[in-house]
Enquirer: 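Input: one structure, supplied below.
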Amino acid sequence: MTLVTAGDGQPVRTVVEAVREWAEEQDVGLETVTAAGDSDLIPAVTRAMDTEADLIVSAGDDLVDPLVNVTPNHLDQQFLVVGAELAEPTENVTAVDWTGASFRGEGLGTPSAYDAASFTPARCAAAVRAGTAAVLSGRTGIVVWMDDF
């Protein structure tokens, strides 16, 4: 599994930690690719794909639009977006979202219900578990909604 990250705010840090903990608990190898700013977002996604991981997990709202550009051209690569979603996902993109998160990119700005405090360690851990379970069971191209948490 490869984790691609952008930004260093509390929501991103919490998702990153949840992914790392899940990988450790499940004894899954994890590589991390970090975008070094706005001009490195698409290259970071490309570097993540270069790892040839079974699953690429994204952490950070800044990655939503780059994923919209990249994912439809790489349908053989599975992606998991935690705490955001693509407005028009393809079959290889699964997202886990909740009220308080749900950033969708495309210049829409941050949703009015956005709440960084909703990215709790427990919720992000559950989101990673739900998202990886969806991908592993073949339920891809969907948004798993986690309001009742």
Enquirer: State, to 0.1 Å, how close P66 and I42 come at their nearest heavy-atom pair, and which atoms those are.
Expert: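 Where P66 meets I42 most closely, the heavy atoms are CB-CG1, 3.6 Å.
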
Enquirer: Could you state the interatomic distance from OG1 (T94) to CD1 (I142), rounded to the nearest 0.5 Å?
Expert: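 T94 atom OG1 to I142 atom CD1 measures 6.0 Å (nearest 0.5 Å).
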
Enquirer: Does the pair D76 and N92 meet the rule for a side chain to side chain contact (heavy atoms under 4.5 Å, CB included), with working shown?
Expert: CA-CA 7 Å; D76 57 332; N92 59 325; over 6 Å; no

Enquirer: Locate the shortest heavy-atom distance separating A6 from L41; write the atom from each residue and the value.
Expert: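 That would be CB-CD2, 3.6 Å.
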
Enquirer: At their closest point, which heavy atom of M146 faces which heavy atom of A130, and how far apart are they?
Expert: SD-CB, 4.2 Å

Enquirer: Look up atom OG in S118 and atom CG in D97, then write down how far apart they are to the nearest 0.5 Å.
Expert: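 Nearest 0.5 Å value for the OG-CG distance: 9.0 Å.
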
Enquirer: Given the rule that I, L, V, M, F, W and Y join up when any side-chain heavy atoms are under 4.5 Å apart, are V82 and V28 in one cluster?
Expert: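 Linked, V82 and V28 end up in one cluster.
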
Enquirer: Parallel, tilted or perpendicular: which one describes the rings of Y114 and F119, with boundaries at 30° and 60°?
Expert: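 Aromatic pair Y114/F119 classed tilted.
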
Enquirer: So if I apply the side chain to side chain contact (heavy atoms under 4.5 Å, CB included) rule between M1 and each of I56, V135, V57, which one comes out positive?
Expert: V57

Enquirer: Run through V33, L30, D54, L55 and flag the one making a side chain to side chain contact (heavy atoms under 4.5 Å, CB included) with T2.
Expert: V33

Enquirer: Looking at D147 and T99, would you say the former's side chain and the latter's main chain have a donor-acceptor pair under 3.5 Å?
Expert: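 Indeed, once roles are kept as given, a pair shorter than 3.5 Å links the two residues.
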
Enquirer: Look up atom CE in M49 and atom NE2 in H74, then write down how far apart they are to the nearest 0.5 Å.
Expert: 3.5 Å

Enquirer: To the nearest 0.5 Å, what is the distance between CH2 (W98) and CG (D115)?
Expert: 11.0 Å

Enquirer: CG of L3 to CG of L80: how many Å apart, nearest 0.5 Å?
Expert: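 Taking CG in L3 and CG in L80, the distance rounds to 10.0 Å.
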
Enquirer: Output every pair passing salt bridge (Lys or Arg N to Asp or Glu O under 4.0 Å) with a member in residues 30-51, not counting sequence neighbours, ordered by first then second residue.
Expert: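 For residues 30-51, and leaving out neighbouring residues, the salt bridge (Lys or Arg N to Asp or Glu O under 4.0 Å) pairs sorted by first residue read D40-R47.
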
Enquirer: Can you list, pair by pair, the side-chain donor-acceptor contacts under 3.5 Å of residues 13-25, counting residues two or more places apart and other chains?
Expert:
unit_1, atom_1, unit_2, atom_2, d
R13, NH1, D8, O, 2.4
T14, OG1, Q10, O, 2.9
T14, OG1, Q10, NE2, 3.0

Enquirer: Can you give me the closest heavy-atom contact between A101 and G83, atom names plus distance?
Expert: CB-O, 3.3 Å

Enquirer: Looking at every heavy atom in both L63 and V4, which two are closest together, and how far apart are they?
Expert: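 Between these two residues, the closest heavy atoms are CD1-O, 3.4 Å.
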
Enquirer: Grab the two heavy atoms, one from G7 and one from V12, that are nearest each other, plus how far apart they are.
Expert: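 Result for this residue pair: O-CG1, 3.5 Å.
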
Enquirer: Rounded to the nearest 0.5 Å, how far apart are CG of L136 and CD of Q26?
Expert: 9.0 Å

Enquirer: Taking the side chain from T140 and the backbone from E91, do they hold a donor-acceptor pair closer than 3.5 Å?
Expert: yes

Enquirer: Mind checking side-chain contact (heavy atoms from CB on, under 4.5 Å) for A95 and listing every partner two or more places apart, or none if nothing turns up?
Expert: V81, E85, V143

